[in-house]
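Inspection log for the structure reproduced underneath, given as C-alpha cells.
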Amino acid sequence: MKKLLLLFMTCATVYSVQAQLETPQPSPSAKLEQKVGLTDITIEYSRPGVKGRKIFGGLVPYGEIWRTGANKNTMITFSTDATVDGQTLKAGTYAIFSKPGEESWEVYFYSDTNNWGAPQNWDDSKVAAKTTVKSYPVPFNVETYAMDINNITNNGGSLEFIWEKTYVAVPFTVPTDNGVLANINKVMSGPSVNDYYSAAVYYLQENKDMKQATEWIDKAVEMTKDKPRFWILRQQSLIHAKAGDTKGAIAAAKSSLEHAKKAGNKGYIQMNEESLKEWGAM
C-alpha cells in the first residue's frame with residue numbers, strides 16, 4: 001500500500017511539473033496601447049520572425065488575404081469612432097486583414113474577430129473599412145514583424161506595419177475636436193443639474209454645510225422647474241428640514257408628492273407622506 005501511495009505521489013509531482021512548463025512562442029504576442037487625441041487605441045497581435053525566409057511574395061503571397069501577423073487575428077480597438085479613407089469605424093474592436101502587393105497593400109478592418117488566421121468564408125458585409133496604401137522598401141532587414149502608431153497629432157495618426165524590407169502605413173483620424181469642443185461647452189456652461197443634485201445629496205449624507213447644500217439643491221430645482229423631478233424635490237425637502245427650514249421642507253415635500261403621484265411612484269408617495277406627517281403638515 002505504501003509503495004502504491006508513493007507511486008501515486010511521484011506521478012502527481014511529475015504531472016505538476018509538466019503542467020507548469022512554459023516555453024518561448026515562435027511568434028510572441030504583443031500589445032500596444034496608444035492615446036491619440038482623446039481616443040484610446042489598443043493593438044493586440046503576434047510577431048513572427050523572418051528566420052531566413054522570403055516573406056512578401058513568398059511566405060506571405062502577393063494578392064492573398066493575410067492575417068497581418070501570426071496566430072489569432074490581429075486586433076485593433078478604438079474607444080471612439082475613427083475614420084479610415086473616408087469610412088467611419090464605430091468605436092469597438094476589429095480584426096485587421098491585408099492583401100499585400102509588390103507596390104501597394106489593401107488593408108481591411110473586419111468586424112468579425114473570432115477567426116484564427118484568415119476567415120474560411122470571407123464576408124464583404126463584415127468589412128467595416130477598406131483602404132489601399134503604398135508599400136515602401138526598407139533599406140535594412142526587420143527581423144521581427146512590428147506594428148506601431150506614429151505621426152500622431154491631436155486628430156489622428158498612422159497605423160504602421162513593418163517586416164522584412166517592407167513598410168506600410170494606414171492614415172486614420174479621430175474626432176478629437178468634437179470631443180474637446182463638447183467638453184469646453186459643458187465646462188463653460190457651468191455645473192449641470194446632476195452636478196448640483198449629487199453635490200447637495202453628498203453634503204446631506206455626510207452631514208456637511210447645510211447652507212451650501214441648500215444652495216445647490218435649490219439651484220437643481222430651479223434648473224428643472226419646467227419639468228419638475230420628484231426625486232430632486234424629495235432631497236430638497238430633506239435638506240431644508242435638516243437646515244431648520246420646516247416651511248421650505250413642507251413645500252418641497254408637497255411638490256414631490258404631487259409629481260410622484262403623477263408618475264405613479266409608490267415609494268416616493270409613501271416617503272413624502274411620512275415626512276409631511278412628521279413635520280405636522282398632514
Atom NZ of K242 with >12 non-hydrogen neighbours under 6.0 angstrom: yes
Residue pair E143 / E164, side-chain heavy-atom distance below 4.5 Å: no
N272 and S275 side chains, donor-acceptor separation under 3.5 Å: no
Enclosure of K54 NZ (heavy-atom neighbours >12, cutoff 6.0 Å): yes
Residues F161, Y45; criterion side-chain contact (heavy atoms from CB on, under 4.5 Å); working and verdict: CA-CA 11 Å; F161 315 91; Y45 70 112; over 6 Å; no
Heavy-atom pair of closest approach, residues T68 and S98: OG1-OG, 3.0 Å
Ion pair K254/E258, N-O distance below 4.0 Å: no
Shortest non-hydrogen contact from L89 toward Y94: C-OH, 3.7 Å
Considering all heavy atoms, the nearest Q25-P28 contact: O-CD, 3.6 Å
Nearest heavy-atom neighbours spanning F230 and A260: CB-N, 3.8 Å
Min side-chain heavy-atom separation I41-F172 under 4.5 Å: yes
Minimum side-chain heavy-atom gap F109-V127 below 4.5 Å: no
K35, NZ atom: more than 12 neighbouring heavy atoms under 6.0 Å: yes
Within-4.5 Å side-chain heavy-atom neighbours: T42 and E44: yes
Atom OH of Y202: over 12 foreign heavy atoms under 6.0 Å: no
Minimum-distance pair of heavy atoms, taken over all atoms of V36 and V174: O-CG2, 3.7 Å
Hydrophobic cluster identity match, L59 and V142, side-chain contacts under 4.5 Å: no
N71 and S29, any side-chain heavy atoms less than 4.5 Å apart: no
Heavy-atom check, side chain of S111 versus side chain of K126, under 4.5 Å: yes
Plane angle bin for W122 and F97 - parallel if under 30°, tilted between 30 and 60°, otherwise perpendicular: perpendicular
Pairwise side-chain contact, I55 with Y145, heavy-atom cut-off 4.5 Å (strictly under): no
Close side-chain approach of P119 to D112, heavy-atom, < 4.5 Å: no
Between CD on residue E274 and NZ on residue K277, distance to nearest 0.5 Å: 7.5 Å
Closest non-hydrogen atom pair between I65 and A118, with its separation: CG2-CB, 3.8 Å
Pair K225 + E222, salt bridge at N-O below 4.0 Å: yes
